Trainee: 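Sharing a structure below in structure tokens format, with a few things to ask.
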Protein chains: 2
Amino acid sequence: MVRVGLTTERLVQAGAELADEVGFDQVTVSALARRFDVKVASLYSHLKNSQDLKTGIALLALEELADRGAAALAGRAGKDALIALANVYRDYAAEHPGRYAAAQLRLTPEAAAASAGSRHSQMTRAILRGYDLTEPDQTHAVRLLGSVFHGYVSLELAGGFSHSAPDSQETWTRILDGLDALLRNWPAP
Amino acid sequence: MVRVGLTTERLVQAGAELADEVGFDQVTVSALARRFDVKVASLYSHLKNSQDLKTGIALLALEELADRGAAALAGRAGKDALIALANVYRDYAAEHPGRYAAAQLRLTPEAAAASAGSRHSQMTRAILRGYDLTEPDQTHAVRLLGSVFHGYVSLELAGGFSHSAPDSQETWTRILDGLDALLRNWPAP
DNA sequence: ATCATTTGCCTAAAAACTTTAGGCAAATGC
DNA sequence: GCATTTGCCTAAAGTTTTTAGGCAAATGAT
């Protein structure tokens, strides 16, 4: 009986790869066990249950996204920063569709609190420092940017913008132009 | 042996109710059979498979949403129309979270073609008639509005905006003000 | 009204996934 | 070298999906 060296870390990591290959909803404890050439029950020493695995993948994706965002924002401000962060989300979703889907998982309040969620809103707030917004408008703008990034990326991932002109990249650029213009000229109530 | 009168219609309808009650991913052929107090295999005379049920719920939700949208747009134009359609999505998601989740299901190309998807983009285009946009900017704007509506509603549904000031309704209003301003002043490339 | 046909829900059964319980052997530590 | 811990195992029960074939109820023709 050879020990493969399973750990929660490795399982979550492999689960994330599996998600990118076959889709997040196809990620199962059984499939993961097959991938390690190990019996299913063995995974339950490292995972509480299958939900635990999915939550782990979601948290991993949120961390990776936040790391990429932080790297992209370093040394940038204003529209430059806006575009950089927006592209982090879009590119990550394109590279890692399964992980991106995982990041959309409805987390329990505890898991959400332990997640990189707050790093994400902090990054968006950082971008807004380049614009002239004060509270509560800044919060409104944080929510708008989150909505556009997430909404656009998930519609694009769902194939909503393919097979029709103009191409998606063109729209993306123009939408970011639009958001920049809007943030520079945020209407009073 | 009493006949319950199962039909694909009734099953999809009940599946939609189930989705709203327990969440779309908890919708299963077994659960549906229990709800009708009928054996599971009996449903397979009316449903090709479990994916078929989910697709049916998604198509139902897209139709219902399009119907509500059409009703809301009747007799409205400009910002008034924008707000009306936006609220259709938001209110529908609040009333029918399971159906709304279903509407996000990745459809096969055939199912997508048979869906109310095109009605949705047509409605958004109708709104833009009140603004001064020509192609391809109109398409960019259609995609922006779709992204914001979908993005905001799903983040809100995921609980992203609860438990923090300002409240979600306030942000929603201000975002729609912002979109209206942006559409009236869409930046050139 | 009777009989044939169709239809609707049934039982049975196989395959896949989830999860728990308990066991043995390998790794670890004294 | 031995005791303990740890890691992966077998076994087994429960749930879901899906197919195949059967019987009874509804439908419709004579």
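Predicted model, so just to flag it, every value in this text is computed and none were measured. To find a chain, count down the sequence lines: A is the first, B the second, and so on, and within it residues start at 1.
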Trainee: If we count only N and O atoms by modelled type, under 3.5 Å, do the side chains of A:Arg125 and A:Thr139 hold a donor and an acceptor together?
Mentor: yes
Trainee: Do any side-chain nitrogens or oxygens of B:Thr28 fall under 4.0 Å of OP1 or OP2 in D:dT17?
Mentor: yes
Trainee: Donor-acceptor check, side chain of B:Arg90 to backbone of B:Val153, threshold 3.5 angstrom: yes or no?
Mentor: no
Trainee: With sequence neighbours left out, write down each residue that passes ring-ring contact (aromatic ring centres under 6.0 Å, His included) with A:Tyr100, or none if nothing qualifies.
Mentor: none
Trainee: Using ring-ring contact (aromatic ring centres under 6.0 Å, His included) as the criterion, list what pairs up with A:Tyr152, not counting sequence neighbours.
Mentor: A:Phe161, A:Trp172
Trainee: Which listed nucleotide (D:dT17, C:dA12, D:dT10) is nearest to the side chain of B:Ala41?
Mentor: C:dA12
Trainee: So, is B:Ser42 close to the C:dG8 phosphate, meaning a side-chain N or O under 4.0 Å from OP1 or OP2?
Mentor: no
Trainee: Using a cut-off of strictly less than 4.0 Å, decide whether A:Arg34 has a side-chain nitrogen or oxygen near OP1 or OP2 of C:dC17.
Mentor: yes
Trainee: Rounding to a whole Å, what distance do you find between A:Lys54:NZ and C:dC17:P?
Mentor: 12 Å
Trainee: Scan A:Ala31 against the nucleic acid and name what it touches under 4.0 Å (heavy atoms): base, sugar-phosphate only, or nothing.
Mentor: nothing
Trainee: Is it the case that one hydrophobic cluster holds both A:Phe149 and A:Leu105, taking links as side-chain heavy atoms less than 4.5 Å apart, direct or via other members?
Mentor: no
Trainee: Between A:Arg35 (CZ) and D:dC8 (P), how many Å, whole number?
Mentor: 17 Å
Trainee: So what does A:Val4 hit on the nucleic acid, given a heavy-atom distance under 4.0 Å: a base, only sugar-phosphate, or nothing?
Mentor: sugar-phosphate
Trainee: To the nearest angstrom, how far is B:Leu43 atom CG from C:dC10 atom P?
Mentor: 9 Å
Trainee: Would you say the side chains of B:His140 and A:Thr171 form a donor-acceptor pair under 3.5 Å?
Mentor: yes
Trainee: I want to verify a distance call: between D:dT17, D:dC8, C:dC9, whose nearest atom is closest to the B:Val40 side chain?
Mentor: D:dT17
Trainee: Between B:Tyr44 (OH) and D:dT17 (C1'), how many Å, whole number?
Mentor: 4 Å
Trainee: Please report the end-to-end axis angle for the helix from C:dA1-D:dT30 to C:dC30-D:dG1, five pairs per end, rounded to 10 degrees.
Mentor: 10°
Trainee: With a 4.0 Å limit, can you tell me whether B:Ser45 has a side-chain N or O closer than that to the phosphate oxygens OP1/OP2 of C:dC9?
Mentor: no
Trainee: Please determine if A:Glu63 and A:Arg99 form a salt bridge, counting it only when a charged side-chain N lies under 4.0 Å from a carboxylate O.
Mentor: no
Trainee: Think A:His46 has a side-chain N or O under 4.0 angstrom from the OP1 or OP2 of D:dC8?
Mentor: yes
Trainee: Looking at A:Ser30, does any N or O in its side chain come under 4.0 Å of the phosphate oxygens OP1/OP2 on C:dT18?
Mentor: yes
Trainee: Whole Å only: how far is the CZ atom of B:Arg3 from the C1' atom of D:dC23?
Mentor: 10 Å
Trainee: Between P on C:dA16 and CD on A:Gln26, what's the gap in Å once rounded to a whole number?
Mentor: 14 Å
Trainee: Taking CG from B:Asp52 and P from D:dT17, how many angstroms apart are they, rounded to a whole number?
Mentor: 13 Å
Trainee: Give the rounded distance in Å between these two atoms: CG of B:Leu6 and P of C:dG8.
Mentor: 9 Å
